[in-house]
Amino acid sequence: MSEYQKLIDGARGAAESSQNADELALARSKFLGKKSLLSDAKKGLGKLEEVERAAAGKELNEVLNLIEEVFEQREAALQEEAWNLQFESERLDLSERLETLRRGHLHLITQARDHLEDVFVGMGFTVAEGPEVETAWYNFEALNIPDWHPARGNFDTIFVNLGSPEEVMLRSHTSPVQVRTMENHQPPIYVVAPGRTFRTDSADATHLPAFNQIEGLVVDKGITMGDLAGTIDSFVQAFFGSEVKSRLRPSYFPFTEPSAEFDISRPDGSWLELGGCGMVHPNVLSNCGIDPEEWQGFAFGFGIDRLVAMRFQLDDIRELVVNDARFLRQF
Amino acid sequence: MKVLLSWLKEFAPEIEGDPISLGERLSHLGLAVEEMSVLGEGLDGVVVGRILDLRPHPDAERIQLVDVDLGDGNATQICCGAFNMQVGDHVPVATIGSVLPDGLEISQRKLRGQLSNGMCCSPAELGLGDDHDGIMILPEDSDATSPGAPITEALGMQRDILWDLEVNANRPDAMSVSGVARDLAASLGIPFGYPEYEFVEGSTRLSDLSSVEIIDPTLCGRFAVRAALGVSIGESPRWMQNRLISLGMRPINNVVDVSNYVMLELGQPNHTYDLAKVPEGHLAIRRASEGEAITTLDGEERSLITEDGVIANIRGEAIGIAGVMGGLSTEISTSTTDVLVEVAWWDPPSISRTVKRLNLMSEASMRFRRGADYGDNIERALGRIGNLLTDGGAQIASGIEQDTGDLPSRESIKVRASKINGLLGVDLSAKDMKSHLESIGFEVSVKKGDLSVTIPTWRWDTITETDISEEVARMYGYENIRRSVPKGTAPGALTQYQKNRRRVREILVGAACDETMPMPFLAPGDLRSAGLAEEAISLTNPLVHEESLLRTSLLPGQLKVIAFNQSHRVEDLRFFEIGHVFLASSDGVLPDEREHLSVALVDVHVSEMVDLLYVLGNELALPNLQLASDELPGMHPGRAAEILVAGQSCGVIGEVDPRVLMSYGVNGRVSWLELNLGKVLSGPLGKKSYRSVSKYPSSDVDLAFDVPESVSSASILGCLRKAGSDLLQQVKLFDAYSGDAIEEGHRSLAYRLRFQADDRTLTDDEVAALRLKCIQLVEKKTEARLRL
């Protein structure tokens with residue numbers, strides 16, 4: 001066995017017996033350091049004849065590389081071992097959730113309202129808003145409902161102690177926003193007005209004194225009842241799904257003429273009444289400073305709470321105002 | 001309005017079709033079917049029984065034993081819980097094996113040891129109206145009521161369809177069986193007509209008995225009377241009672257029943273007077289005098305105002321409130337023999353106002369308010385009443401007495417076919433429109449493609465071209481209108497305000513807050529308990545006392561929500577709300593209504609709320625967001641600040657006063673933020689602009705100050721930022737400490753400052769100079785001192 005082979009075997013043994021990086025470094029310097037045999041051998045090369053030097057240098061280099069490799073391999077193995085130890089010690093059960101992070105929840109009404117707004121914005125509408133306390137002019141008179149009109153009784157209005165008796169009220173529908181929009185903008189008008197509305201309905205499983213509606217208004221040249229039916233149909237398909245159909249039935253609202261209820265189809269083939277609609281009454285247009293001979297329009301409206309109750313099969317609509325976090329966090 | 005198929009057929013005999021599709025057709029005419037029921041079914045096996053004996057049940061007080069003869073002459077024993085019958089009465093008996101309309105199956109059974117072989121029935125159990133009070137006692141006036149006869153024969157009941165229709169306020173005509181029949185016949189394309197109501201007038205002339213006079217023509221358009229003499233008050237015939245019951249009215253006597261029957265049939269409300277109690281049979285129509293008193297049929301004494309209309313007698317005493325309710329003094333009684341019948345047309349707004357003021361809704365006033373028929377139907381109704389009372393044995397005095405006042409105009413109106421087509425989006429010829437309109441009684445002539453339309457007297461609410469368009473659409477069929485979409489739609493979008501409001505919601509949801517939406521009503525005392533000013537706008541007609549005020553702050557509502565959730569042991573409560581508050585305003589009649597944002601975090605350090613505010617401020621680029629510590633209503637005196645945006649007060653932040661929490665039953669601590677969102681989002685918002693990120697190394701400097709309580713961290717930060725100028729790239733409070741080694745009433749605040757230039761590496765000397773400048777400015781402007 002040559003001297004070199006002995007060294008190589010020795011290095012291998014020293015590397016294998018090193019149990020950590022420090023021991024390995026020590027062993028390495030013993031074989032490859034400045035005071036090692038190989039280092040001396042390197043220095044001794046200079047003393048050799050030129051002819052011998054080349055061969056001896058080559059052999060020495062091979063040995064050096066081999067030993068270098070031995071230590072590198074051992075170093076990698078030790079590192080791997082260290083990682084494995086760390087990994088083992090750090091093993092965690094990820095199902096131990098502490099639930100320190102959670103996201104909050106938008107109220108169901110907001111979610112529905114946003115969804116409705118998005119559908120209508122996609123159809124070219126903007127979103128208008130108005131005050132919740134209104135005057136009789138905006139809530140009734142401008143909408144062609146004079147003080148004696150039997151339809152006023154249908155609104156079950158909550159009045160507010162401001163102004164003269166029954167002059168100021170909590171709006172009983174979102175239609176006042178129509179009036180405000182038309183007073184402030186000349187056509188073309190394409191708006192929806194979502195918002196809170198109020199009636200003297202005692203709270204029960206299907207009624208709330210404060211609830212939400214969304215109202216649509218279009219005023220433009222040559223708007224027809226066909227456009228109304230088509231717009232309702234587009235909305236119904238966009239919101240409920242393309243398989244859902246809509247239909248209009250004659251009805252009556254003082255602020256539209258002709259007036260209609262609109263129904264949507266249910267999977268069992270029956271119809272569900274969703275809201276009211278119609279062509280804006282010429283008196284309403286005139287009341288808002290719009291010439292009914294030049295412009296025509298339609299309006300429609302429906303309740304958001306009922307829609308939400310239907311969609312999520314709420315058996316008690318009062319959940320929507322109780323604000324039990326266990327309810328709010330479900331959606 | 002309820003209608004019976006058999007009754008409709010008296011006006012349109014050719015009505016055919018299955019009840020479901022007829023109901024659909026009614027719905028498509030605007031007479032939505034709310035309920036449909038089949039009458040006279042499920043009565044097989046119900047027969048007439050004659051009561052032979054009544055005796056107490058030996059072991060049950062509330063049950064008696066009844067022996068009935070069911071036609072075989074034998075006594076059949078039945079146990080019965082009602083006690084309103086007598087021996088000899090004829091009653092309906094459901095025999096063993098029969099199934100009643102409500103699904104009840106009759107079998108032989110034992111009640112406390114006694115055999116019951118059937119059931120004696122109340123009207124409701126037979127599907128006849130709502131009367132559950134006692135067993136139905138049958139009249140004995142015909143062979144049909146002999147024992148064993150089928151009950152359907154005894155009651156003259158036929159299989160019939162009953163529809164309950166929703167009739168809109170613009171359809172006074174459809175508040176009658178004949179009016180519904182007119183619409184349905186037109187829709188089916190079959191004839192409609194009124195039967196001839198025949199009767200013979202007696203020799204007594206009405207003009208010798210009665211006279212009428214309209215004093216106020218604006219109140220009453222027509223007032224007409226007839227008289228029936230020699231009436232004997234009793235029960236009306238069974239068929240009439242059946243129909244009244246089916247349509248939801250309770251039979252009373254043969255005069256009142258005729259009155260109601262004709263109202264339901266022809267839509268013409270009418271009123272009956274005991275002629276003997278009307279001096280000289282004279283009736284005058286005028287407005288009431290202020291405070292005039294009258295006792296109405298219901299026994300109530302009512303005080304009138306000058307807007308109300310009255311019918312007065314010759315002595316000037318009010319004996320009825322026009323179109324609303326008759327007076328007690330002339331009521332039909334069992335001793336009445338001569339009856340005066342009034343049919344009138346009242347001004348709808350006048351009737352409406354009185355009904356509303358007196359809160360006196362009735363079948364009659366409901367029709368008058370919508371506008372009853374002011375045409376020939378008045379004579380027709382008087383004729384029908386005469387016809388029905390004659391059948392009851394009365395003599396009709398000859399002639400009608402009447403007067404007229406102001407009636408709606410019957411001039412024809414011009415209707416442009418092009419306008420109707422343009423409004424509906426259809427392409428009908430004037431001739432098509434004419435035939436649609438004529439089918440429901442409009443008189444139409446066509447000239448040069450346009451229509452000249454005379455509106456029938458039973459459509460008071462129909463006045464304009466647009467009103468006519470609805471009639472055309474209705475008869476053409478809404479379902480036949482071709483659907484289109486508006487052509488001129490521009491792109492839609494949310495406003496910046498609406499987008500920002502959604503952003504606020506998203507941020508708060510991201511901060512683990514749940515959105516609440518309590519109702520905006522408060523109870524008296526809620527604001528005081530919340531430590532807030534008590535003035536609030538009140539409701540005139542609140543549903544309950546606890547909901548009689550409009551909120552001026554979102555705090556009370558949110559505290560109630562927290563208390564509710566805590567009482568249900570819900571944890572980790574973090575809520576926000578965006579809603580309106582209502583403040584008194586001196587500007588105009590409406591309140592100062594604002595959109596507020598509130599956030600409530602339960603049991604967290606208030607600094608988290610401040611962080612949340614600054615997250616919102618940064619996201620929305622609120623200009624110059626600052627806090628000004630202050631004592632604020634409802635808030636912890638030492639832990640509250642006013643929120644300033646661009647130097648203007650926009651809300652409050654801090655901890656809720658623990659005393660307030662206690663009065664709301666809230667446990668722990670609540671951090672609170674309430675922001676005038678409307679103001680903040682409507683005001684000018686800063687812009688987010690690009691600033692290049694420096695490529696040069698930065699240097700950090702830590703400075704700890706000894707800070708008396710009177711000095712805010714914000715003021716120190718202000719000094720540091722000012723002194724550090726553009727080179728101070730970032731500054732952060734990283735430690736706040738009080739206790740050992742710090743003077744009482746002071747705290748230590750430590751800041752980490754990061755200096756960095758955009759164009760070079762700062763030298764140690766430059767950083768040292770900056771550090772010194774920062775310390776000097778803080779010490780100069782505040783009482784904070786660098787800790788050494």
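Treat the numbers as computed from the prediction; the structure is a model and nothing was measured. By convention in this document, chain letters (A, B, ...) are assigned in the order of the sequence lines, proteins followed by strands, and residues within each chain are numbered from 1.
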- Quick one: of B/Ile481, B/Thr466, B/Ile578, B/Val472, who has the most non-hydrogen atom pairs under 4.5 Å with chain A? B/Thr466
- Message: Is it the case that the side chains of A/Ser246 and B/Arg483 hold a donor-acceptor pair, with the cut-off being a distance below 3.5 Å and no angle test?
- Response: yes
- A/Ala325 versus B/Val570, closest heavy-atom pair with distance: CB-CG1, 3.7 Å
- Note on the structure: Only one of A/Arg103, A/Arg102, A/His105, A/His107 passes side-chain hydrogen bond (donor to acceptor under 3.5 Å, both in side chains) with B/Asp514, and that residue is A/Arg102
- Item | Side-chain heavy atoms of B/Leu539 within contact of A/Leu170, under 4.5 Å | yes
- Query: Which atoms form the tightest heavy-atom contact between B/Tyr478 and A/Pro250, and what is the distance?
  - Reply: CE2-CA, 3.3 Å
- Any Lys/Arg nitrogen of A/Glu166 or B/Lys356 sitting under 4.0 Å from an Asp/Glu carboxylate oxygen of the other? yes
- Note on the structure: Looking only at A/Leu101, A/Asp147, A/Val191, A/Thr135, the option with the highest number of non-hydrogen pairs under 4.5 Å against chain B is A/Asp147
- Part of B/Arg369 within contact of chain A (heavy atom distance under 4.5 Å): both
- Task: Return the set of residues passing ring pair (Phe, Tyr, Trp, His ring centres under 6.0 Å) with A/Phe211 (not counting sequence neighbours), or none when no residue passes.
- Result: none
- Closest-packed option against chain A by number of heavy-atom pairs under 4.5 Å, given B/Ser538, B/Ser350, B/Ala169: B/Ser538
- Message: Within the 4.5 Å heavy-atom criterion, are B/Asp461 and A/Tyr252 side-chain neighbours or not?
- Response: yes
- Task: Please examine the side chains of B/Phe575 and A/Asn323, heavy atoms only from C-beta on, and report whether any two atoms are closer than 4.5 Å.
- Result: no
- Measuring from A/Ser259:OG to B/Asn168:CG, what's the distance to the nearest 0.5 Å? 8.0 Å
- Task: Measure A/Glu293 against the heavy atoms of chain B and call it side chain, backbone, both or neither at under 4.5 Å.
- Result: both
- Query: Where on A/Pro292 is there a heavy atom nearer than 4.5 Å to chain B: the side chain, the backbone, both, or neither?
  - Reply: backbone
- Query: Atom CD in B/Glu465, atom CD in A/Glu257: separation rounded to 0.5 Å?
  - Reply: 11.5 Å
- Item | Heavy atoms from other residues, nucleotides or ligands near CG of B/Asp587 exceed 12 (cutoff 6.0 Å) | no
- Flag side-chain contact, heavy atom, 4.5 Å: B/Asp467 against A/His281: yes
- Reported CD1-to-CG distance for the pair A/Ile158 and B/Leu543, which is rounded to 0.5 angstrom: 5.5 Å
- Proximal component of A/Phe198, with respect to chain B [non-hydrogen, under 4.5 Å]: side chain
- Considering only heavy atoms from C-beta outward, does the side chain of A/Asp220 approach that of B/Pro486 to under 4.5 Å? no
- Segment of B/Arg594 engaging chain A (4.5 angstrom heavy-atom cut-off): neither
- Select one option (side chain, backbone, both, neither) describing which atoms of B/Arg416 are under 4.5 Å from chain A's heavy atoms. side chain
- Message: For a 4.5 angstrom cut-off between non-hydrogen side-chain atoms, does B/Glu593 reach A/Glu132?
- Response: yes
- Message: With chain B as the partner, which of A/Leu108, A/Val218, A/Val321, A/Thr157 has the greatest number of non-hydrogen pairs under 4.5 Å?
- Response: A/Val321
- NE2 of B/His580 to CD of A/Glu129: how many Å apart, nearest 0.5 Å? 6.5 Å
- Message: Only pairs of heavy atoms separated by less than 4.5 Å count here; which of A/Lys221, A/Glu261, A/Glu117 has the most with chain B?
- Response: A/Glu117
- Side chain, backbone, both or neither of A/Val168 within contact of chain B (heavy atoms, under 4.5 Å): side chain
- Task: Report the option among B/Pro349, B/Ala511, B/Pro591, B/Gly30 that has the most heavy-atom pairs separated by less than 4.5 Å from atoms of chain A.
- Result: B/Pro349
- Task: Using a strict cut-off of less than 4.0 Å between a Lys/Arg side-chain nitrogen and an Asp/Glu carboxylate oxygen, indicate whether B/Asp572 and A/Arg329 qualify as a salt bridge.
- Result: no
- Between chain A and each of B/Ser469, B/Pro542, B/Gly477, B/Cys513, count heavy-atom pairs under 4.5 Å; write down the option with the most. B/Cys513
- If every non-hydrogen atom of B/Val485 is compared with every non-hydrogen atom of A/Ser234, which pair is closest and at what distance? CG1-OG, 3.8 Å
- For B/Ile20, does the CD1 atom have more than 12 heavy-atom neighbours from other residues, nucleotides or ligands under 6.0 Å away? no
- For residues B/Glu515 and A/Thr110, is any side-chain donor paired with an opposing acceptor at under 3.5 Å? yes
- Of all heavy-atom pairs between B/Val589 and A/Gly163, which one has the smallest distance, and what is that distance? CG2-CA, 3.5 Å
- Please name the residue in the list A/Asp233, A/Asp227, A/Thr231 that meets the side-chain hydrogen bond (donor to acceptor under 3.5 Å, both in side chains) test with B/Ser484. A/Asp227
- Query: Can you say whether A/Arg199 sits under 4.5 Å from chain B via the side chain, the backbone, both, or neither, judging by heavy atoms?
  - Reply: backbone
- Message: With chain A as the partner, which of B/Ala584, B/Pro520, B/Ala32 has the greatest number of non-hydrogen pairs under 4.5 Å?
- Response: B/Pro520
- Message: Is B/Leu31 close to chain A through its backbone or its side chain, or both, or neither, when contacts mean heavy atoms under 4.5 Å?
- Response: neither
- Note on the structure: Distance col, row A/Arg249:CZ vs B/Glu166:CD, nearest 0.5 angstrom, shows 7.5 Å
- Message: In the structure I gave you, are the side-chain heavy atoms of B/Phe576 and A/Leu106 within less than 4.5 Å of one another anywhere?
- Response: yes
- Item | B/Glu571, CD: over 12 other non-hydrogen atoms inside 6.0 angstrom | no
- Between A/Thr224, A/Thr200, A/Asn161, A/Asp201, which shows the greatest number of heavy-atom pairs under 4.5 Å with chain B? A/Asn161
- So, the part of A/Pro188 with a heavy atom under 4.5 Å from chain B: the answer is neither
- Message: Looking at chain B, which one of A/Pro258, A/Ser251, A/Gly230, A/Ala229 has the largest number of heavy-atom pairs inside 4.5 Å, strictly under?
- Response: A/Pro258
- Item | Nearest-0.5 Å distance, OG1 of residue B/Thr516 to CG of residue A/Asp324 | 12.0 Å
- Go through the structure and list residues passing side-chain hydrogen bond (donor to acceptor under 3.5 Å, both in side chains) with B/Thr495, not counting sequence neighbours. B/Gln498
- Sequence neighbours left out, what passes ring pair (Phe, Tyr, Trp, His ring centres under 6.0 Å) with A/His115? Give chain and number order. A/Phe239
- Query: Considering heavy atoms only, which positions within residues 419-426 of chain B lie below 4.5 Å of chain A?
  - Reply: B/Lys419, B/Gly422, B/Leu423, B/Leu424, B/Gly425
- Message: With chain A as the partner, which of B/Met366, B/Arg502, B/Glu471 has the greatest number of non-hydrogen pairs under 4.5 Å?
- Response: B/Arg502
- Task: Select, from A/Arg152, A/Met279, A/Glu167, A/Arg247, the one with the greatest count of heavy-atom pairs under 4.5 Å involving chain B.
- Result: A/Arg247
